[in-house]
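Scroll down for the structure; my scribbles are underneath it.
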Number of protein chains: 2
Amino acid sequence: MAATRDRIIAATNELFRRGGYNGTSLRQVTDAAGAPTGSLYHFFPRGKAELAEAVITETGASYLELFELFAAATSDPGAAVGAFFDGAAETLEQSDYIDVCPIGTVAREVANTHDRLRGAADRVFSSWIESLGKHLEAAGLATTEATALAATVVAALEGSFVLARTRRNADVVRHTGNHMRSLVDAQLRDAHNRAQVNVGRGR
Amino acid sequence: MAATRDRIIAATNELFRRGGYNGTSLRQVTDAAGAPTGSLYHFFPRGKAELAEAVITETGASYLELFELFAAATSDPGAAVGAFFDGAAETLEQSDYIDVCPIGTVAREVANTHDRLRGAADRVFSSWIESLGKHLEAAGLATTEATALAATVVAALEGSFVLARTRRNADVVRHTGNHMRSLVDAQLRDAHNRAQVNVGRGR
DNA sequence: GTCTATACCAAGATAGAC
DNA sequence: GTCTATCTTGGTATAGAC
């Protein structure tokens, strides 16, 4: 049996993916985790907000790891991006379309009301963008271009989750992934062409 | 003074953009609208869910109209898309980063819990995708390509709102808009090139 | 660290006078 | 159509024994 704290985190993660922050009660959490209220407040003395912050931070780190696995499998960032979208689509279909990512839902709910949670989500998104950005740089993009493109990919990923869950069909995630892949490929091609021209000019 | 029903809808729209569905109480709505509980239940007998459904449907229709205005201003869909993102970025900055769109937030919150609201959001997103898709078809894309690309643009739009609100900076919306614009331009170019080749081959 | 009971408050919804 | 009072439920959080 997993440690109590881990069960609480895992249960909250899944409940947030289904119902979001305000839509999930601590009663649901303790029931799903099989843990009493006392334990919850033992591990998270500041209550729901502290629990949510832990879920955001820890889930964010595990998704970062997951993306790094995809990226490590190839030197082609476009392929890694496409594969990541395809994996997310699969997850959606196998989970009755509960959100793939608790962070996007919660971030959108609390961005104007819980500044601490907003900050935690901000750090997570930034870590993802930085990671993808590094890979895009390694493949030939300038830093500014790489970061902006990485942010677009993350935005498209999060947005495609909204559409897929709303229509209960994950194909939009796959199509969006394909589009992101061609966008990445095109930008890399442009960068290489510019580099070629400069070489031709003796730069 | 606007009619009571209109004030209730407008107040709810703004409150949803700030705090989402579960994060907004009917007390907040009646306070902001300056309307008593009795009036709210007079216009929306099934309560909060019915009110939310009306907000989604009516806001969705007004954003559709707004996009059609942008699209009517030019025969270049890429330009219309870019301008729409820029306008949204402006709105975010001027509103303390409350969401541009109450529908995306609410859709993500209730997709697994309120099927009626999910359905209403689905119809709205579909109407946007269909509208943009038509313009992309008119510019030369095949129907399937046009619909898929339109969905990607809507996904990127919604996703960029999440990132922008989370980091309290709307530049990501502008950058995403630029990327969507180049994506649209590239796909239209490809379609035209394919058409040219076919002409060259005497098709 | 765990458990139960409970305090306290805000939520959505309803009733019935006007 | 409007207004106020109120019902009921469920929310977060705490207390204190074990």
Side-chain angles (χ1 to χ4, degrees), chain A residues 1-56 58 102 105-106 109-110 112-118 120, chain B residues 1-56 58 102 105-106 109-110 112-118 120:
Chain A
M1 187 100 144
T4 306
R5 186 181 182 282
D6 291 344
R7 292 203 319 278
I8 293 174
I9 291 274
T12 307
N13 179 308
E14 186 159 336
L15 286 162
F16 279 3
R17 288 164 59 197
R18 185 179 305 275
Y21 180 80
N22 291 311
T24 298
S25 74
L26 295 184
R27 172 97 204 272
Q28 288 177 287
V29 171
T30 50
D31 283 358
T37 309
S39 294
L40 193 155
Y41 279 90
H42 170 72
F43 291 108
F44 307 98
R46 291 204 333 282
K48 194 180 188 179
E50 186 174 356
L51 169 58
E53 201 176 329
V55 168
I56 288 173
E58 296 179 25
T105 316
V106 173
E109 279 184 272
V110 305
N112 291 95
T113 52
H114 286 74
D115 207 57
R116 246 183 115 120
L117 290 184
R118 185 195 63 72
Chain B
M1 185 101 146
T4 306
R5 186 182 183 283
D6 290 344
R7 292 203 319 279
I8 293 174
I9 290 274
T12 307
N13 179 310
E14 188 159 336
L15 286 163
F16 279 2
R17 288 164 58 197
R18 185 178 305 274
Y21 180 80
N22 292 310
T24 299
S25 73
L26 294 184
R27 172 97 204 272
Q28 287 177 287
V29 171
T30 50
D31 283 358
T37 308
S39 295
L40 193 156
Y41 280 90
H42 170 72
F43 290 109
F44 307 97
R46 289 202 335 281
K48 193 179 188 180
E50 184 173 359
L51 169 59
E53 201 176 329
V55 169
I56 288 173
E58 295 178 27
T105 316
V106 174
E109 280 184 273
V110 305
N112 291 94
T113 52
H114 286 75
D115 207 57
R116 245 184 117 121
L117 290 183
R118 185 195 61 73

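Chain naming here is simple, since letters A, B, ... match the order of the sequence lines and numbering starts at 1 in each. Just so it is clear, the values below take in all heavy atoms, side chains as well, and ignore hydrogens, waters and symmetry mates.
Taken to the nearest 0.5 Å, the CG atom of Leu51(A) stands 6.0 Å off from the CD1 atom of Ile9(A).
What separates CZ of Arg27(B) from C1' of dA10(C) is a distance of 9 Å, to the nearest Å. As rounded to whole Å, 15 Å separates atom P of dT4(D) from atom CG of Leu40(B). Between the NE2 atom of His42(A) and the C1' atom of dA13(D) there is a distance of 17 Å, rounded to whole Å. Atom-to-atom, CZ of Arg46(A) to P of dT14(D) comes out at 12 Å; the value is rounded to the nearest Å. Atom-to-atom, CG of Leu51(A) to P of dG11(D) comes out at 15 Å; the value is rounded to the nearest Å. Rounded to an integer number of Å, the gap from CZ of Arg5(B) to P of dG1(D) is 11 Å. Summarising the geometry, the separation between CG on Asp31(B) and C1' on dT4(D) is reported as 14 Å, rounded to the nearest angstrom. Atom CZ in Phe44(B) sits roughly 18 Å away from atom C1' in dT14(C) (whole-Å rounding).
Pairing each heavy atom of Val55(A) with each of Asn13(A), the nearest pair is CG1-CA, 4.0 Å.
In this structure, Tyr41(B) reaches the bases: a heavy-atom distance under 4.0 Å links it to at least one base atom across the strands shown. Residue Thr24(A) is in sugar-phosphate contact alone, with no base atom involved, counting any heavy-atom pair closer than 4.0 Å across all strands shown.
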Check residues 18-29 of chain B and write down every donor-acceptor pair under 3.5 Å in which the side-chain atom is one partner and the other belongs to a residue at least two apart or another chain.
| from | atom 1 | to | atom 2 | distance (Å) |
| --- | --- | --- | --- | --- |
| Asn22(B) | ND2 | Glu109(B) | OE2 | 3.4 |
| Thr24(B) | OG1 | Leu15(B) | O | 3.3 |
| Thr24(B) | OG1 | Gly20(B) | O | 2.6 |
| Ser25(B) | OG | Gln28(B) | N | 3.1 |
| Gln28(B) | OE1 | Ser25(B) | N | 2.9 |

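Side-chain contact between Arg5(A) and Phe44(A) is present, with at least one heavy-atom pair separated by less than 4.5 Å. Here the side chains of His114(A) and Lys48(A) are not in contact, with every heavy-atom distance at 4.5 Å or above.
Between dG1(D) and Ser39(B), no contact under 4.0 Å exists linking OP1 or OP2 to a side-chain N or O.
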Protein-nucleic acid N or O pairs under 3.5 Å, nucleotides 16-18 of chain D:
none

Task: Per-nucleotide protein contact string for nucleotides 5-10 of chain D, where B marks a base within reach and S marks sugar-phosphate only (heavy atoms under 4.0 Å, - for neither) - done: ------

